[in-house]
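Step one of this worksheet: look at the structure below.
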Amino acid sequence: MINRNAIRLTNGLLAVALLLIDAMGMITRELFHRVSGESLNLILCLILGILLVVSILLARRFLSEQAANKIGRLAVLLAIGSTAAFEFPQWSAKTSDWFASSMWSAGLICIAIGVVTTLTLAATDAVWCKIRSAILVLAIVFFGSQPIRVATLAPHIFWPPIAPEHAVANEGVGKKSLTVFLLLDELNAKAAAPIVAILRENALQVRTKSITPVADGTAKVIPAMFTGKDFRDAKPCGSTATCSGDNILDFSRVTASRPDVDVVGFFLPYCAIQGLRFCSRSVVAQATMDLDRWRCAIWRRTGYPRTATFDQCSQVFRKDWSAMTNNVVQSMWQAPAWKEGGFLFAHLPLPHPPGDTVSASLQSQYLGNLNRSYQLVHDIVNKMRLSGADSFRLVIFSDHPLRQSMWCNQGMYALQGCAPTTEFEDDKVPLIVAGTSVPNIDDIVRNDQIFVLAIR
């Protein structure tokens, strides 16, 4: 005999358990990226969990046994939908775009939701118990298996690549060399000409070309650079690991191939790499306790409070990113490579939006960040010349071009009526190599091939 009271209670526990699993996934992503991108999702998950618990308790108290049972089942369905939205945001975004694209697609999605809901409510208690058990097992297996997959499948990687004959040939020579790999995040190939001009004005040998990005996001491209594998479905599966199907990169299983490797960056857990001489990973300050940020988030969505203004909230949303950007740049200058030589990999959040100009358009802020990037390249060249290195090389590249459509649909840019312009539209990224000598780059056609230049 099935205990219906137990069924209703277990429905509520399952819904809450699914939301707790969601929260664990969000925390994992936040630990991996450290850009305070999960704060709002965590709050929404907490609010949804509270609402579900309250709804189930009220249903048990005031509704009939049959109605309360159905409310519990709907709570489980809602928790499953939330899991899809929180854990698979790209899939959710595509579904939303499809929903909005036409009446036909919207109708099909609504019909599918209606069918699933009807079947759930019509199932007998015995069938529902089996379905519910299967849901719980699948959720536990999906999330619980990820640490096991990382521990057993993540490869050990020696980075940057180094040719054995190169190491032997230079052993004991006593000459100091400096190699800088500079990743300028979201740099269009079209925007690279001023950089090339700066390098040539400094009488450096220069080779340059436009290459194809292997994906449309930093979290997808950089793991591909480290592994040579496809990470187009990349998703954090640990505090230092990212997974894309069977392809896994755990930064804690990456080992520096030489004793003079420095890394400076953001967004990815670079400092988990073993054997680095120097590492600095800058993060965005946590927004959870920033009352101004919550005030502006509410204003952006509702128009209240009336005292909030566009300029005030634009400043609030930019300040944490701006502080992180400044910290990354300052950390780059602190790397030992400038005095001792060696290999420096610097991933800078420039010309990545937003910029420092209040009320400016996306394109204006991007242009301002480009100018800052050009000045940094000029400063880097001067620093390399003053380093005392017998030879030096600067490799400048990017992960992906400016994503105008994405930025125009977000935050304060969307409120401005932002629209992409042809001037800043691009599907290529630059590869620029300059220095006292430069290798052949004709065979480099994608940006996941970049690090092969470390051994040329």
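Just so you know, residue 1 is the first one in the sequence shown, and it goes up from there.
Checked by atom type and distance alone, the side chain of S398 pairs as donor or acceptor with a backbone atom of L187 at under 3.5 Å.
Of the listed residues (N327, T325, V328), just one forms a side-chain contact (heavy atoms from CB on, under 4.5 Å) with F266, and that residue is V328. If you run side-chain hydrogen bond (donor to acceptor under 3.5 Å, both in side chains) between Q315 and each of Q312, K319, R318, only R318 comes through. Of the listed residues (D448, L249, N247, V214), just one forms a side-chain contact (heavy atoms from CB on, under 4.5 Å) with P223, and that residue is L249.
Salt-bridge formation is detected for the pair R232/D230: a Lys NZ or Arg NE/NH1/NH2 atom is positioned less than 4.0 Å from an Asp or Glu carboxylate oxygen. Electrostatic pairing of K383 and D379 does not count as a salt bridge here, judged by no charged N lying under 4.0 Å from a carboxylate O. Electrostatic pairing of E423 and K190 does not count as a salt bridge here, judged by no charged N lying under 4.0 Å from a carboxylate O.
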V254 vs Y270, side-chain contact (heavy atoms from CB on, under 4.5 Å): CA-CA, chis, key distance, verdict: CA-CA 9 Å; V254 178; Y270 294 117; over 6 Å; no

Step-by-step side chain to side chain donor-acceptor pair (under 3.5 Å) determination, S36 to S39: CA-CA 6 Å; S36 197; S39 298; 3.2 Å; yes

Intermediate values then yes/no, salt bridge (charged side-chain N to carboxylate O under 4.0 Å, His left out), R258 and D260: CA-CA 6 Å; R258 42 193 284 186; D260 57 355; 2.6 Å; yes

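Summarising the geometry of L182 relative to M332, their closest heavy-atom pair is CD1-SD, 4.4 Å, with the distance given to 0.1 Å. Annotation for W338 and M384: closest pair CZ3-CG, 3.7 Å, computed over non-hydrogen atoms. For the residue pair L19 and C45, the shortest heavy atom distance occurs at O-SG, 3.3 Å. The two residues H347 and T218 make their nearest non-hydrogen contact at CE1-CG2, 3.6 Å. Between R281 and L268 the shortest heavy-atom distance is NE-O, 3.2 Å.
L367 contributes atom CG, which lies 9.5 Å from atom OG1 of T357 (distance to the nearest 0.5 angstrom).
Between F345 and F397, the two ring planes are parallel [angle under 30°; tilted spans 30° to 60°].
With sequence neighbours excluded, the residues forming a salt bridge (charged side-chain N to carboxylate O under 4.0 Å, His left out) with R456 are D443, listed by chain and number. K229 pairs by the salt bridge (charged side-chain N to carboxylate O under 4.0 Å, His left out) definition with nothing, not counting sequence neighbours.
Side chains of S244 and D233: no donor on one and acceptor on the other come within 3.5 Å. Remark: the T212 side chain and the K428 side chain contain an N/O donor-acceptor pair separated by less than 3.5 Å.
Here F251 and W159 keep their ring centres 6.0 angstrom or further from each other. When ring centroids are compared, F267 and F32 stay outside the 6.0 Å threshold.
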